[in-house]
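Residue numbering restarts at 1 for every chain, and letters A, B, ... go by the order of the sequence lines.
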Amino acid sequence: MSSEKVRTRFAPSPTGYMHVGNLRTALYAWLIARKNHGTFVLRIEDTDQERKIEGAVDLIYRTLEETGLDHDEGPDVGGDFGPYVQSERMAAGIYMKYAEELIEKGYAYRCFCTKERLDDLRKHCEENHEQTKYDRHCLSLSKEEIQKNLDAGIPYVIRQKMPDSGTTSFHDEVYGDIEVENSTMDDLILIKSDGYPTYNFANVVDDHLMGITHVVRGSEYLISTPKYNLLYDAFGWEKPHYVHVSPVMRDAQRKLSKRDGDASYADFINKGCLKDALLNYVALLGWNPGNDREIFTLPELIEAFDISGIGKSPAIFDEVKLRWLNSEYIRAMSQDEFLKHAMPFIKQAVKREDVNFDVIAAGLHKRTEYFSDVIPQLDFVDKLPEYSADLYINKKMKTDKENSLQALLLLKPELEKFEDWDHEKLYYKVVDIAEKAGINKKVLLWSMRVALSGKELTPGGGSDIAAIIGKEDSLRRIDKGIELLQQQ
RNA sequence: GACCUUUUCGUCUAGUGGUUAGGACAUCGGCCUUUCACGCCGGUAACGGGGGUUCGAGUCCCCCAAAGGUCGCCA
């Protein structure tokens with residue numbers, strides 16, 4: 001691996017969304033390239049014309065750019081191995097040329113079977129609990145018959161001819177040596193009847209032509225890889241290193257999928273998850289650095305990453321841990337930085353402008369895992385919620401409705417006189433009031449906080465809430481509290 | 001059904017024949033505290049099962065079980 005120039009690729013099919021499992025595959029491929037001062041290539045695998053989605057490729061560009069997984073070659077940035085879009089490569093006749101070479105060499109053959117015949121065959125196999133395998137009906141066609149079919153314009157596919165006996169084995173960098181009996185391998189379709197290559201063929205041709213040294217992909221390709229190697233051998237091409245990665249799971253049974261929602265990169269970002277935290281988390285799903293470290297920036301990941309740290313078993317995506325990791329990133333921010341990131345979410349909850357955003361930020365900073373967490377915490381700011389007088393009863397704070405009323409009555413005139421409505425000064429003022437009155441400050445602060453927020457839990461104490469909503473509103477809410485308690 | 005793969009605390013994992021089986025998240029308890037949170041301290045918690053090999057097995061071998069993957073003119 002030292003003498004060759006490492007080249008890896010990310011080869012998504014444009015499905016219109018970036019799944020976190022996909023993102024992890026891209027990250028590993030990128031890390032292997034960067035770690036080895038190699039090249040990271042983006043290739044678009046759009047050979048399924050029926051599943052084309054508008055704008056899907058742009059989403060891939062955007063996500064890679066946003067996450068910092070920059071590619072050195074690709075459809076948008078060019079490179080010496082283009083085109084980088086398979087449909088364009090197909091139009092250039094690349095795949096057909098190689099498929100025909102295979103036919104000439106006897107490693108592939110044309111198949112004119114109809115879908116109906118194939119379906120019947122499959123059904124028959126299933127009924128007999130056999131592995132579905134093509135019966136090679138067209139392998140024995142004579143040259144004349146083939147020509148006749150061709151002349152008649154009968155659609156055909158090109159199939160890879162598997163060896164009849166023996167075994168094929170290969171080495172995977174994470175799974176080790178895998179051996180498969182040739183007799184269990186079906187004759188893969190290489191070229192579809194619409195002339196497009198299948199993934200099975202295109203990936204081999206393109207990886208070779210693009211000089212890919214390390215193929216990073218999901219473990220679902222593990223069992224097909226011997227077939228691909230047979231193709232490399234048929235062409236006399238050098239085989240790449242294989243790095244198959246286990247799937248990311250939703251739970252013990254199900255793979256993470258778009259159906260279960262929230263599996264896409266964009267969803268996490270919209271919730272207020274930081275891209276660095278997501279990348280960091282995803283890197284650790286199925287890979288470990290060999291020590292106890294858990295927080296890594298992208299450059300630090302490049303430094304620490306090694307294929308040998310990739311695990312074989314599937315990993316369950318644990319959003320609780322992602323939240324923790326994201327909160328670690330948030331806590332590491334300065335308060336200004338926090339406010340900058342949180343502001344769009346704060347604005348969703350707070351429409352009024354005459355509030356102290358700095359105090360809001362100070363209160364929220366350590367109470368935020370995803371930025372969207374701030375929204376429900378601020379629902380008392382614009383408008384005092386309806387609340388029950390029972391909120392004033394708190395055993396730990398030694399409050400009841402009676403002493404809370406006394407506290408608010410005591411507080412009101414003092415705060416009316418208080419002009420310097422500063423966050424800290426307010427706190428000391430309240431403490432001072434409590435001391436002079438000879439009562440526990442907790443009683444004062446608790447009842448104050450309840451009166452100002454109408455909530456049991458708030459991002460900050462009584463004086464903080466007062467600083468947030470301002471003097472005028474504070475006094476008004478204290479009046480309301482007094483009124484509520486007097487009705488009891 | 002056939003073939004391939006996987007299996008250590010609830011979760012992510014460390015561990016490559018001799019460990020009190022380590023860490024992190026979660027959880028529980030305590031401390032701190034103007035509520036909650038943060039922070040700090042501490043606890044509970046795992047080698048899928050059964051056979052071998054060995055003085056000694058989470059680590060090596062075999063069998064079983066469970067789960068995932070493949071068996072598409074999807075990738």
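When the nucleotides B/rA75, B/rC4, B/rU35 are ranked by their closest atom to the side chain of A/L222, B/rC4 comes out on top. Among the nucleotides B/rC38, B/rC3, B/rC71, the one closest to the side chain of A/I223 is B/rC3. Here the nucleotide nearest the side chain of A/R122, chosen from B/rU34, B/rC25, B/rC73, is B/rC73. Of the listed nucleotides (B/rU35, B/rC25, B/rG72), B/rG72 has the atom at the smallest distance from the side chain of A/D186.
Residue-to-nucleotide contacts include a donor-acceptor pair under 3.5 Å from the side chain of A/S463 to the base of B/rU34. Scanning atom types as modelled, one donor and one acceptor separated by under 3.5 angstrom connect the side chain of A/S193 and the base of B/rC73.
The only option from A/R217, A/H208, A/R43 that meets the side chain to side chain donor-acceptor pair (under 3.5 Å) definition with A/N203 turns out to be A/R217.
Nearer to the 5' terminus of RNA chain B, by closest-nucleotide assignment, is the contact made by A/K312 (compared with the other of A/M397 and A/K312). Between A/C111 and A/K442, the residue anchored nearer the 5' end of RNA chain B, judged by the nucleotide with its closest heavy atom, is A/K442.
An OP1 or OP2 oxygen of B/rC25 is reached within less than 4.0 angstrom by no side-chain nitrogen or oxygen of A/R323. Side-chain N/O atoms of A/K192 include one lying less than 4.0 angstrom from OP1 or OP2 on B/rA75.
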Set out, line by line, the N/O atom pairs under 3.5 Å between protein and nucleotides 10-14 of chain B.
unit_1	atom_1	unit_2	atom_2	d
B/rC12	OP1	A/I316	N	3.0
B/rC12	O2'	A/L284	O	3.3
B/rU13	OP1	A/G286	N	2.8
B/rU13	O3'	A/N288	ND2	3.2
B/rA14	OP1	A/N288	ND2	2.6

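Residue A/Y427 and nucleotide B/rU34 are classified as a stacked aromatic pair, their ring centres being separated by less than 5.5 Å at an interplanar angle below 30°.
With salt bridges taken as basic N to acidic carboxylate O contacts below 4.0 Å, one links A/D473 and A/R477. Ion pair A/K436/A/D432 flagged as a salt bridge, since at least one NZ, NE, NH1 or NH2 atom sits closer than 4.0 Å to an Asp/Glu carboxylate oxygen.
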